[in-house]
Amino acid sequence: MTTLAIPMRDGRFCEHFGGAEAFALYTTEDGTNSVDERRTMSPPEHGRGVYPMWLRQLGAQVILAAGMGPRAVGIFAQHGIEVVLGVRGEDPDLMVERYLEGTLKATGEACHEHGFHDCGHHEPGDGIG
């Protein structure tokens, strides 16, 4: 069984990971392309290291993300969570379907600049979001 997490805002994929207002969690049976369960959870207050611990407690093993700082990717890895970077799209269900089929396009690029992250959710350079 694998659980994937996708950051969401207004019911769509949120490209700014740290700005997510919810996370869609998809549980799949290994070796199949089907989703057994989908649930949406509101995250705890954003802070350094909070999301990795919270998502791990929810059973997440994979995160689909547009961008994320290399430091954050490392923190997720320490919690046993793989981060798939450079993902684009709006429909989380379709993104998961493509991931399971092996057709999801992802650049693998981490976020190196925080200019577009001026959202008040974190300090520039903290690597989370």
Side-chain angles (χ1 to χ4, degrees):
M1 195 170 343
T2 300
T3 299
L4 295 100
I6 297 182
M8 310 255 306
R9 180 172 282 288
D10 298 325
R12 295 185 311 264
F13 175 64
C14 179
E15 290 193 8
H16 180 190
F17 186 85
E21 64 186 15
F23 283 83
L25 296 157
Y26 296 80
T27 302
T28 66
E29 189 63 41
D30 290 339
T32 71
N33 288 349
S34 63
V35 173
D36 293 333
E37 178 184 18
R38 180 190 192 272
R39 55 195 165 131
T40 303
M41 307 286 292
S42 296
E45 188 172 328
H46 187 68
R48 184 173 295 179
V50 172
Y51 283 4
M53 288 185 291
W54 175 71
L55 287 169
R56 186 63 196 155
Q57 288 171 350
L58 293 174
Q61 295 152 302
V62 177
I63 295 172
L64 303 182
M68 185 183 296
R71 186 173 180 195
V73 172
I75 293 171
F76 278 107
Q78 290 172 0
H79 284 85
I81 300 173
E82 173 191 359
V83 179
V84 179
L85 292 172
V87 175
R88 298 284 183 253
E90 287 191 10
D91 182 351
D93 292 344
L94 183 58
M95 294 167 72
V96 168
E97 180 182 318
R98 288 183 177 156
Y99 174 83
L100 294 173
E101 292 172 345
T103 61
L104 180 70
K105 293 182 179 166
T107 66
E109 289 290 317
C111 175
H112 297 289
E113 298 196 22
H114 289 277
F116 71 99
H117 288 181
D118 186 22
C119 65
H121 291 283
H122 61 87
E123 294 298 315
D126 78 356
I128 305 293

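Sequence positions, counted from 1, serve as the residue numbers for this chain.
Among pairs with a residue in residues 82-96, those fulfilling side chain to side chain donor-acceptor pair (under 3.5 Å) read Tyr26-Asp93, Arg38-Asp93, at least two apart in sequence or across chains.
Linking ILVMFWY residues whenever their side-chain heavy atoms come closer than 4.5 Å, directly or via other members, leaves Met41 and Ile6 in distinct clusters. Cluster membership check: Val35 does not share its hydrophobic cluster with Ile63, using side-chain heavy-atom separations under 4.5 Å among Ile, Leu, Val, Met, Phe, Trp and Tyr. One hydrophobic cluster, built from ILVMFWY side chains closer than 4.5 Å, holds both Phe23 and Val73.
In this structure, His79 NE2 and Gln57 CD are separated by 8.5 Å, a value rounded to the nearest 0.5 Å. Between atom OG1 of residue Thr3 and atom CG of residue Leu58 there is a gap of 9.0 Å, rounded to the nearest 0.5 Å. Atom CZ of Arg9 and atom CZ of Phe17 lie 13.0 Å apart (nearest 0.5 Å). For the atom pair NZ of Lys105 and CE of Met95, the computed distance is 13.5 Å after rounding to the nearest 0.5 Å. The CD atom of Glu101 sits 10.0 Å away from the CG atom of Leu104 when rounded to the nearest 0.5 Å.
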Chi angles and distances behind the side-chain contact (heavy atoms from CB on, under 4.5 Å) call for Thr107, Leu85: CA-CA 6 Å; Thr107 66; Leu85 292 172; 5.7 Å; no
Worked verdict on Thr28 versus Leu100 for side-chain contact (heavy atoms from CB on, under 4.5 Å): CA-CA 9 Å; Thr28 66; Leu100 294 173; 3.7 Å; yes
Walk me through it: do Val83 and Met68 pass the test side-chain contact (heavy atoms from CB on, under 4.5 Å)? CA-CA 9 Å; Val83 179; Met68 185 183 296; 4.0 Å; yes
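Across all non-hydrogen atoms, the minimal contact from Ala20 to Pro43 is O-CG, 3.9 Å. The nearest pair of heavy atoms linking Phe76 to Leu55 is CE2-CD1, 3.9 Å. The shortest non-hydrogen separation linking Ala65 to Phe13 is C-CZ, 3.9 Å.
For Ser42, there are no side-chain hydrogen bond (donor to acceptor under 3.5 Å, both in side chains) partners, not counting sequence neighbours. Not a single salt bridge (charged side-chain N to carboxylate O under 4.0 Å, His left out) links Glu97 to another residue, sequence neighbours left out.
With a 4.5 Å cut-off on side-chain heavy atoms, Val62 and Val84 count as touching. A heavy-atom distance below 4.5 Å is not found between the side chains of Leu25 and Thr40. With a 4.5 Å cut-off on side-chain heavy atoms, Pro92 and Met8 count as touching. The shortest side-chain heavy-atom distance between Glu45 and Val50 does not fall under the 4.5 Å cut-off.
Environment of CZ in Arg56: crowded, with over 12 heavy atoms of neighbouring residues, nucleotides or ligands closer than 6.0 Å.
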